[in-house]
Trainee: 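The structure that follows is given in the form of structure tokens.
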Amino acid sequence: MARWLVSYCPHLECDWTRSGAELEIPCFRIYPEDEPHRWIAETNPDLPPEVQEESAFIIAEALSKLLGV
């Protein structure tokens, strides 16, 4: 089984307060190294970015250890 990795995949929304601008909403995905398109989890964009990132890495590390990588 492959290692589990984390990638930063922000959501983009239109910023109605500035013409043509977008808001970047932080989000992280957890996926197997050999199949990045098959992500299994995404962090809650309502949480602070630091909490999301730390949680994503904890999940990825736990999956890697649990699945024997």
Side-chain angles (χ1 to χ4, degrees):
M1 190 57 138
R3 267 186 335 141
W4 291 84
L5 303 176
V6 172
S7 67
Y8 180 67
C9 296
H11 298 277
L12 298 177
E13 290 187 5
C14 188
D15 183 351
W16 298 105
T17 63
R18 298 183 337 222
S19 179
E22 292 181 323
L23 288 173
E24 185 176 291
I25 301 169
C27 190
F28 294 83
R29 287 185 178 168
I30 297 94
Y31 60 92
E33 182 178 36
D34 58 348
E35 295 184 81
H37 62 284
R38 296 191 64 174
W39 55 275
I40 62 146
E42 190 172 70
T43 57
N44 182 345
D46 294 329
L47 294 172
E50 310 80 43
V51 173
Q52 290 186 57
E53 183 175 23
E54 186 175 340
S55 298
F57 279 104
I58 289 169
I59 293 166
E61 187 173 334
L63 284 168
S64 293
K65 286 182 179 181
L66 181 66
L67 298 174
V69 175

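All values below come from the heavy atoms of this structure, side chains included, with hydrogens, waters and symmetry mates left out. Please read all numbers here as calculations on a predicted model, not as lab measurements.
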Trainee: Out of curiosity, E24 CD to E13 CD, how far, rounded to the nearest 0.5 Å?
Mentor: 11.5 Å

Trainee: Please report the closest heavy-atom contact between P36 and Y31, naming both atoms and the distance.
Mentor: CA-CD1, 3.3 Å

Trainee: Can you establish whether the number of heavy atoms outside E42 located under 6.0 Å from its atom CD is more than 12?
Mentor: yes

Trainee: Closest approach of F28 and A56, non-hydrogen atoms and distance?
Mentor: CB-CB, 3.8 Å

Trainee: Search all heavy atoms of I25 against all heavy atoms of P45 and return the closest pair with its distance.
Mentor: CG2-CB, 3.6 Å

Trainee: Can you confirm whether more than 12 heavy atoms, excluding those of E35, are under 6.0 Å from its CD atom?
Mentor: yes

Trainee: Shared ILVMFWY cluster between W39 and I30, side chains joined below 4.5 angstrom?
Mentor: no

Trainee: Is the number of heavy atoms from other residues, nucleotides or ligands under 6.0 Å of E33 CD greater than 12?
Mentor: yes

Trainee: So, taking the atom named CZ in R3 and the one named CD in E61, what distance separates them when rounded to the nearest 0.5 Å?
Mentor: 11.0 Å

Trainee: Look up atom CZ in R29 and atom OG1 in T43, then write down how far apart they are to the nearest 0.5 Å.
Mentor: 10.0 Å

Trainee: Tell me, do V6 and E53 make a side-chain contact under 4.5 Å, heavy atoms counted?
Mentor: no

Trainee: Give a yes or no on whether Y8 and I59 share a hydrophobic cluster (residues Ile, Leu, Val, Met, Phe, Trp, Tyr; joining criterion: side-chain heavy atoms under 4.5 Å apart).
Mentor: yes

Trainee: So does L47 get a backbone contact from the side chain of Q52, meaning a donor-acceptor N/O pair under 3.5 Å?
Mentor: yes

Trainee: Treating Ile, Leu, Val, Met, Phe, Trp and Tyr as nodes and any side-chain heavy-atom pair under 4.5 angstrom as an edge, say whether F57 and L67 lie in one connected cluster.
Mentor: yes

Trainee: How close do W4 and S64 get, counting heavy atoms only, and between which atoms?
Mentor: N-OG, 3.0 Å

